[in-house]
There are 2 protein chains.
Amino acid sequence: MGALRLPCLTSIVSVSSARSSLFPRGRSSHLLNVRKLSSTAKVEVAPAVQEQGITPRSQDFNAWYLDVISMAELADYGPVRGTMVIRPYGYAIWEAIQDYLNIKFKESGHSNMYFPQFIPYSFIEKEASHVEGFSPELALVTVGGGKELEEKLVVRPTSETIVNHMFTQWIHSYRDLPLMINQWVNVTRWEMRTKPFIRTLEFLWQEGHTAHATPEEAEREAMQMIDVYTKFAYEQAAIPVIPGRKSRVETFAGADRTYTIEAMMGDRKALQAGTSHNLGQNFSRAFGTQFADENGQRQHVWQTSWAISTRFVGGIIMTHGDDAGLMLPPRLASIQVVIVPIWKKANEKDEVLDDALSVKDVLHSAGIKVKLDDSDQRTPGWKFNFWEMKGVPLRIEIGPRDVSSKSVVISRRDIPGKPGKVFGISMESSVLVPYVKEKLDEIQSSLLDKAIAFRDSNIVDVSSYDELKEAISQGKWARGPWVGSDEDELKVKEETGATIRCFPFDQPQGPKTCLMTGSPAEEVAIFAKSY
Amino acid sequence: MGALRLPCLTSIVSVSSARSSLFPRGRSSHLLNVRKLSSTAKVEVAPAVQEQGITPRSQDFNAWYLDVISMAELADYGPVRGTMVIRPYGYAIWEAIQDYLNIKFKESGHSNMYFPQFIPYSFIEKEASHVEGFSPELALVTVGGGKELEEKLVVRPTSETIVNHMFTQWIHSYRDLPLMINQWVNVTRWEMRTKPFIRTLEFLWQEGHTAHATPEEAEREAMQMIDVYTKFAYEQAAIPVIPGRKSRVETFAGADRTYTIEAMMGDRKALQAGTSHNLGQNFSRAFGTQFADENGQRQHVWQTSWAISTRFVGGIIMTHGDDAGLMLPPRLASIQVVIVPIWKKANEKDEVLDDALSVKDVLHSAGIKVKLDDSDQRTPGWKFNFWEMKGVPLRIEIGPRDVSSKSVVISRRDIPGKPGKVFGISMESSVLVPYVKEKLDEIQSSLLDKAIAFRDSNIVDVSSYDELKEAISQGKWARGPWVGSDEDELKVKEETGATIRCFPFDQPQGPKTCLMTGSPAEEVAIFAKSY
């Protein structure tokens, strides 16, 4: 259990080599041919370094994922086993997620606040299924200020217990309800098998907590928040998640019902990308959180909690990335457009940079997130590859000929090579700005369409357990009618490695027969292997 | 050391009584007289409750401070000794601080990121003065996932050590410099004597960390950031801090020089409200953080770190608050204007609420943070007091007569009673919006001017130790020439309770003689008792 055990990313792919080897195979020569850049004579890349690009996604999805995280400088391992340092380029994605969700949370009546991260151990034990679910994963503070503590403290794995402890003091009558809050914080779960962004010892998330006077209101809230997450995933992250209800087996420790959004990654494994729990009265009974209703009767409040975490960043990488690296949906990209100036002779440099700067200003003024890469340490070819690998949606190239014609060349990250490239777009603000905005929108839609097509072509409707096993063994998701028992569900997991990801909200009409038991079924469930 | 020991705020002033007793003495009747509101007949406040207002500031500053925090619902104690729950109204002040500083940090080239909070214990021991300064305050995780850890983990009290561990992996050549990052996180220091916002076991802050190629650059950065803090304090928080350099005794554990902003609270105690450290090469030597300079020579980087925390919220409360409660500077107020509609008869209600709503919309559209308190649970008089206690800078009253004249009544929080009240301001957007904006600006300036006057009238220039002792015993700050030794400084602390707050940047001209030693002195120092 000691710290400092596992090799860190920087030892798998050392940072110094990552920094000098950002030269994915194949694409650079292709792009250079298109522009026939004589300036590529400057590329000082040794053959050995050229070969150390990103592992192709098709070859080894996991190695590709770790390479992208390292080379795009999204994250690095921390010194303690299973912890992660989120680097600025990765953190910017999280900030974009926060910016969007914060507005949605506040619009729907939630306020941000902060609960302490240290929770008395006794709190965790109060809700029976909660302690069962979380006790194996706890980090405990046992020493403070040089002395052994009388009661050990849990570093929050989630905050339902401490939230209810406080709600009990704040809620008195129906006038205090609904109480709807959120916090953006770090949480700790002592996971044995970790993976950057997807499962780490410590991660960042938001956790919403609400208390209501009626079960109907709590249910409405839980559904509303999974809907906020679903819209966010589709519209901002271009991830076509499937929203639905978790099975009893997969329900959150302490919840009556858990709603989830399930995303299909590029390797077709499922990622639980956000959850919303109807907690019923489980925590309010455990903590005595009561209110006086309009008739003066004491009742326990009805509660929800819901969360999205930095895991979502991993979901974005694994949904859209390709062999060349990261591919960011424009709405979450901290750099939407990169400008690469190109000059051959010294006397061309000034006029090219002048125009590059003015194009940057034009786009910046229009609210587009733009970066000008004007360093002369690297060749244009190197920069093309670098910013492709970083997933920047659009690249603008400006060379001496473009300066003469007052136009630019624009390349889409999502369409490699010539088909994604357009020459002669005027630098004129009235032309360039709408063009760039339109292209960003097109990329945003196109990423979503592509992800939907991929998802739909990898979900198989099954009507028997044999068909389910066949689909799972092909790496696909299986969708079929289900009224099996918890034991049936665990049997599927043992025999196939797949779990029920959800009973999707979107259900087919008509009579159904359970694929396992042959009994009449009301719903289909989706089975898949998952992260 | 056990948890759950100290009484929490809610037991000192129970939440239920706080909720129903928001009726500070004195002011309500005064205000009610002005408007002669017959609707106050509805006030259902029992005499016992009326008497349980906020302790007057002049009577007991500390009790007043805790009352304000409780009744304005800024914070509550957490279940673990010394921890704090930051409630939505208090957290909104922190969010306003974050919003402003985040922009300034990014404008000056810093990126946000995230470092893990668990630090191997061995890291803390690497920098000699750092471990000496922090080891008495550490919280230690010794158990993870049910097992005793091989190496205990420190819950970050600050992040210099882990930052340097990572910087060492990321920095290779001068091209990687400057490296300038920031993180907004929670930190833990096992303090024995705690006070909400001012000193808590866990608090929120931002910590900036930078690495540079030269000592001059690091010094410039440290100075630039204390300047950002100073401007923030003056322009946003209306707190006239005194920026300066800490004495050797008060310098951060591991820094060469610490710059500080020192604020005078309403009880004339000093609050260290933000610090910026020039770390020199102390951490880079301890962690081997080196770069190859332009000649290929390996050198240790020069570093800074700087922080502002939730303590600043306490500073705002203790600078501007008065007997009636909180007083928020308009630029940091989450509610800048509260609208209180007033009606006597049921048939007046609709037209009053209609106009109140349209005034709200007009102000909201103009970017003013406005709240309409249209509940009919409470009387207007109760609402006046409640929102004054919450420190809302401006109140707009709209009654039936105002509806007839299409005008409103506007009251300033910072000028009690009639002098702060103006009748007959047109509801017309072209009149109302500029008027409200001007008043908010006036309040912002006025709070600063008042705080400057208070500060200046409580700083005494001293030329001998006797004069210093006299000033401190009167509760004032003493400013005098100083070249005393560390021992001299500690003697002052022991004998007077005062410490050197800083050598202010703003220094008087001319020759000076040390107040303690009589030797020629180059600088004056400011001595004060502090939080």
Side-chain angles (χ1 to χ4, degrees), chain A residues 1-4 10 15-16 19 76 78-80 83-88 90-92 95 111-120 123 135-153 155 162 165-166 169-170 172 175 181 185-186 188 190 192 201-202 204 377, chain B residues 1-4 10 15-16 19 76 78-80 83-88 90-92 95 111-120 123 135-153 155 162 165-166 169-170 172 175 181 185-186 188 190 192 201-202 204 377:
Chain A
M1 288 315 84
L4 294 168
T10 47
V15 167
S16 70
R19 279 190 169 255
D76 211 337
V80 174
T83 63
M84 171 177 64
V85 180
I86 308 181
R87 302 185 69 177
Y91 196 81
E95 284 183 307
S111 302
N112 283 336
M113 63 178 299
Y114 188 78
F115 289 89
Q117 76 164 340
F118 293 151
I119 300 174
F123 280 26
S135 62
E137 296 181 359
L138 299 177
L140 301 180
V141 172
T142 62
V143 176
K147 293 189 185 158
E148 198 79 21
L149 302 181
E150 285 178 19
E151 179 175 14
K152 55 194 181 225
L153 304 177
V155 185
I162 193 167
H165 175 78
M166 299 310 299
Q169 298 173 57
W170 297 333
H172 304 280
R175 289 192 200 90
I181 63 93
V185 298
N186 55 341
T188 297
W190 209 267
M192 293 319 298
L201 232 68
E202 182 195 12
L204 307 182
Q377 305 282 339
Chain B
M1 287 313 82
L4 296 167
T10 46
V15 167
S16 71
R19 278 188 171 257
D76 211 336
V80 174
T83 63
M84 170 177 63
V85 180
I86 308 180
R87 301 185 70 177
Y91 196 81
E95 284 183 308
S111 301
N112 284 335
M113 61 178 299
Y114 188 78
F115 289 87
Q117 77 164 341
F118 293 151
I119 300 174
F123 280 26
S135 61
E137 297 182 358
L138 300 177
L140 301 180
V141 171
T142 62
V143 175
K147 293 189 185 160
E148 197 79 21
L149 301 181
E150 284 178 19
E151 179 174 14
K152 55 194 183 230
L153 304 178
V155 185
I162 193 166
H165 175 78
M166 300 311 298
Q169 298 172 57
W170 297 333
H172 304 282
R175 290 193 200 88
I181 64 92
V185 298
N186 55 341
T188 297
W190 210 266
M192 294 318 299
L201 232 67
E202 183 195 12
L204 305 182
Q377 306 282 339

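Lettering follows sequence order; numbering is per chain, from 1.
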A.B. asks: Which heavy atom of B:Met113 sits nearest to which heavy atom of A:Arg87, and what is that distance?
C.D. replies: CE-CA, 3.7 Å

A.B. asks: If every non-hydrogen atom of A:Phe118 is compared with every non-hydrogen atom of B:Ala139, which pair is closest and at what distance?
C.D. replies: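 In this case the closest contact between A:Phe118 and B:Ala139 is CZ-CB, 4.3 Å.
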
A.B. asks: Mind ranking A:Lys152, A:Glu137, A:Glu95 by heavy-atom pairs under 4.5 Å with chain B and telling me who comes out on top?
C.D. replies: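 Winner by heavy-atom pair count: A:Glu95.
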
A.B. asks: Heavy-atom distances under 4.5 Å only: say whether A:Val185 touches chain B with side chain, backbone, both or neither.
C.D. replies: neither

A.B. asks: Side chain, backbone, both or neither: which part of A:Ser135 has a heavy atom under 4.5 Å from chain B?
C.D. replies: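 Neither the backbone nor the side chain of A:Ser135 comes within 4.5 Å of chain B.
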
A.B. asks: Under a 4.5 Å heavy-atom cutoff, which of B:Asn112, B:Leu138, B:Thr83 has the most pairs with chain A?
C.D. replies: B:Asn112

A.B. asks: How close do A:Gly78 and B:Pro116 get, counting heavy atoms only, and between which atoms?
C.D. replies: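 For A:Gly78 and B:Pro116, the tightest heavy-atom pair comes out as CA-CG, 4.2 Å.
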
A.B. asks: Just how far is it from atom CZ of A:Phe115 to atom CE of B:Met84, taken to the nearest 0.5 Å?
C.D. replies: 12.5 Å

A.B. asks: Do the side chains of B:Asn186 and A:Asn186 get nearer than 4.5 Å, heavy atoms only?
C.D. replies: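 Side-chain contact under 4.5 Å: yes.
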
A.B. asks: Between the side chains of B:Asp76 and A:Gln169, is a donor N or O closer than 3.5 angstrom to an acceptor N or O?
C.D. replies: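 Result is no, nothing qualifies.
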
A.B. asks: The criterion is side chain to side chain donor-acceptor pair (under 3.5 Å); which residues satisfy it with B:Thr142, sequence neighbours excluded?
C.D. replies: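 With sequence neighbours excluded, B:Thr142 shows a side chain to side chain donor-acceptor pair (under 3.5 Å) to A:Thr142, given in chain and number order.
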
A.B. asks: Nearest 0.5 Å, what's the CG-NZ distance between B:Leu140 and A:Lys147?
C.D. replies: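 So the CG of B:Leu140 and the NZ of A:Lys147 are separated by 14.0 Å.
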
A.B. asks: Which atoms of A:Gln117 come close to chain B, meaning under 4.5 Å heavy atom to heavy atom: side chain ones, backbone ones, both, or neither?
C.D. replies: both

A.B. asks: Tell me, please, which residues at least two apart from A:Tyr91 pass side chain to side chain donor-acceptor pair (under 3.5 Å).
C.D. replies: none

